[in-house]
Asks: 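Input: one structure, supplied below.
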There are 2 protein chains.
Amino acid sequence: MHLANPTKQTAVTTADKVFEQMQHAIVEGEIPSGSKISEPELAKRYQISRSTLREALNRLEKCHLIERKANVGSRVVDCTIEGLLELYITREALEGMACRQAAKNMSDEEIVDMKAMLKLHGQTQELKDGTAYYQEEGDLDFHYKIILGSHNRQLIDLICGQLYHLVRMYRCQFGMNSPRASRAFNEHSQIIQAICDRDGELAEMLMRRHIAASRKNIENKIAQQAL
Amino acid sequence: MHLANPTKQTAVTTADKVFEQMQHAIVEGEIPSGSKISEPELAKRYQISRSTLREALNRLEKCHLIERKANVGSRVVDCTIEGLLELYITREALEGMACRQAAKNMSDEEIVDMKAMLKLHGQTQELKDGTAYYQEEGDLDFHYKIILGSHNRQLIDLICGQLYHLVRMYRCQFGMNSPRASRAFNEHSQIIQAICDRDGELAEMLMRRHIAASRKNIENKIAQQAL
DNA sequence: CCGACAGAAATTGTCGACAAATATAAATTA
DNA sequence: TAATTTATATTTGTCGACAATTTCTGTCGG
């Protein structure tokens, strides 16, 4: 299993473990989007008390996977088109800035590391052309590396700790298997070049275009489906 | 008291109330930055059980006012220069985008409402020139209005629900009483004009400069203090 | 005197039960 | 029958106690 959250170490407490299980279950739609969450039922299913379940629910709420209302209960967030587009707008802002900061703050080792990863992605892409899964994972790894390279804890926590769980959820539930793999690969190359040149302004611009292109790609797909 | 969080309705459960009290206490430094939080002690102080205290702590963690480590405990986040600058970088990205979206999505009524507010701020500034407090509150109100005007729940929640508590905390603890009031007022006017013209690109650019200027102002102050 | 180790104290994590609030079902009335 | 009210049942919020882990304290050996 690839790392879902590169900032946190492995879970120790049982609430952490249940949180991770539920996170996967929600992201992959096993617990359906929009459904109500029954505390007694889930506590029984995971063999834990309601207290620790509520602890897990709090963490799920932190990454916006569920929503709670006082004296009413929790619901899994429902995946809407508007929500997806809003998410991409936010990503564009945050990851654009993270990319600018990465160009400024990444160490030389981090940069060569990132280049190596890109090279690897190019090879696997040649081999497994068509099956987009590896590119899918690779895309997330690429973005993670840049975000971490910003060396800005605020950005890192917001994007990796919160937004990206939602991103993965939408990708799963809408079956978005990165259809623009080769194009994305070229865009990734350009971005890394800009970071390599320490050109923060260009790096931010390219990253924003990269994400905006992804968003527009989705919008087109939606428009197509509506026919 | 002015509204700390315009998105949430008034607190109903006791955990909510304790959360709000602790939030104020932390923002204003009554519970010192960087200090460890003793669950038994605070539970006794607020006359509640540890369970509801922990519920309140979870909400404090959600807005990044405290940090928790498993089996160790919670600490109030400590205000460092680096943290402050990182926060402003993040604000620049998020509020810049929010401003762009506001230019696109704000209703005409919202715009005239915002204009009226600006006019009011100009008057109070004339009257109370020098005492920056009203401008301080006004500044936050201005930013809130634009963020809400983005009509993007993701942005609204991230900025208003999380970042701004930290912003207020830093303002309190570092005693930043908005020393650039008149200049900020002019910048606000320009931004509103751009929104009025539905020029999202310019609006984002101006907002980013506005926040970047504020950040640089802080950097200069710090450099001055270091002498 | 310093560091490693063992035991004691305190703190956090987890549990089951009760109180308060909400949602559901039944009953009454127009 | 439809709407409103009442009663029931379920769910959430809160509490105090126990278990597991960490931190502190004091002792011993080098």
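These values consider heavy atoms only, across backbone and side chains, with no hydrogens, waters or symmetry-generated copies. These numbers were taken from a predicted model, which means no experiment stands behind them. Chain naming here is simple, since letters A, B, ... match the order of the sequence lines and numbering starts at 1 in each.
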Asks: If I take atom CG in residue A:Asn58 and atom P in nucleotide D:dG13, what distance separates them, rounded to the nearest angstrom?
Replies: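 Answer to the nearest Å: 10 Å.
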
Asks: Just the rounded figure in Å: distance from P of D:dT23 to NZ of B:Lys69.
Replies: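 Rounded to whole Å, this separation is 8 Å.
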
Asks: Nearest nucleotide by nearest heavy atom, which residue falls closer to the 5' end of DNA chain D, A:Ser74 or A:Ser51?
Replies: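 It is A:Ser74, whose closest nucleotide lies nearer the 5' terminus.
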
Asks: Relative to the ring of B:His143, is the ring of B:His210 parallel (under 30°), tilted (30 to 60°) or perpendicular (over 60°)?
Replies: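 Aromatic pair B:His210/B:His143 classed parallel.
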
Asks: What I'd like to find out is whether the side chain of A:Gln162 reaches to under 4.5 Å of the side chain of A:Thr90, using heavy atoms alone.
Replies: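 The answer is no, as the side chains (C-beta and beyond) never meet within the 4.5 Å cut-off.
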
Asks: Whole-Å distance between C:dT22 P and A:Ile37 CD1?
Replies: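 Nearest whole value for this atom pair: 20 Å.
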
Asks: Please determine, for the side chain of A:Val72, which listed nucleotide (D:dA17, C:dT22, C:dC15) has the closest atom?
Replies: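 So the nucleotide nearest the side chain must be C:dT22.
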
Asks: Just N and O in the side chain of B:Arg54: are any of them under 4.0 Å from OP1 or OP2 of C:dG13?
Replies: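 Yes, within the criterion.
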
Asks: Measure the distance from CG on A:Asn71 to P on D:dT11 and round it to the nearest whole Å.
Replies: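 These atoms are roughly 15 Å apart.
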
Asks: Return yes if some donor-acceptor pair links the side-chain N/O of B:Glu86 with the main-chain N/O of A:Arg153 below 3.5 Å, else return no.
Replies: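 Checked: pair present.
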
Asks: Check whether any side-chain N or O of A:Ser107 sits under 3.5 Å from a backbone N or O of A:Glu110 as a donor-acceptor pair, and report yes or no.
Replies: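 Yes.
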
Asks: Closest to the B:Thr13 side chain: C:dG13, D:dT14, D:dT22?
Replies: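 Of the options given, the side chain of B:Thr13 lies nearest D:dT14.
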
Asks: Between A:Asp16 and A:Ala70, who's closer to the 5' end of DNA chain C by nearest nucleotide?
Replies: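 In this pair, the answer is A:Asp16.
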
Asks: So, does A:Ser35 use its side chain to make a donor-acceptor pair with the main chain of A:Arg75 at under 3.5 Å?
Replies: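 Not confirmed, A:Ser35 side chain does not pair with A:Arg75 backbone.
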
Asks: Rounded to whole Å, please give me the gap between CD in A:Glu39 and P in C:dA17.
Replies: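 Atom-to-atom, A:Glu39 to C:dA17, this comes out as 17 Å.
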
Asks: Rounding to a whole Å, what distance do you find between A:Leu53:CG and C:dG13:P?
Replies: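 In whole Å, C:dG13 P lies 16 Å from A:Leu53 CG.
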
Asks: Identify which nucleotide among C:dA23, C:dT11, D:dT14 has an atom closest to any side-chain atom of B:Lys36, counting heavy atoms from C-beta outward.
Replies: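 Selected nucleotide: C:dT11.
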
Asks: Does a nitrogen or oxygen in the side chain of A:Thr52 sit under 4.0 Å from OP1 or OP2 of C:dT14?
Replies: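 Answer no for this pair, as no side-chain N or O of A:Thr52 is under 4.0 Å from OP1 or OP2.
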
Asks: In whole angstroms, how far is the P atom of D:dG13 from the CD atom of A:Glu55?
Replies: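 That distance rounds to 14 Å.
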
Asks: Side-chain N or O of B:Thr14 versus OP1/OP2 of D:dT14: is the shortest distance under 4.0 Å?
Replies: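 Indeed, a polar side-chain atom of B:Thr14 lies that close.
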
Asks: Starting at atom CZ of B:Arg50, determine the distance to atom P of C:dG13, rounded to an integer number of angstrom.
Replies: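 After rounding, the reported distance stands at 8 Å.
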
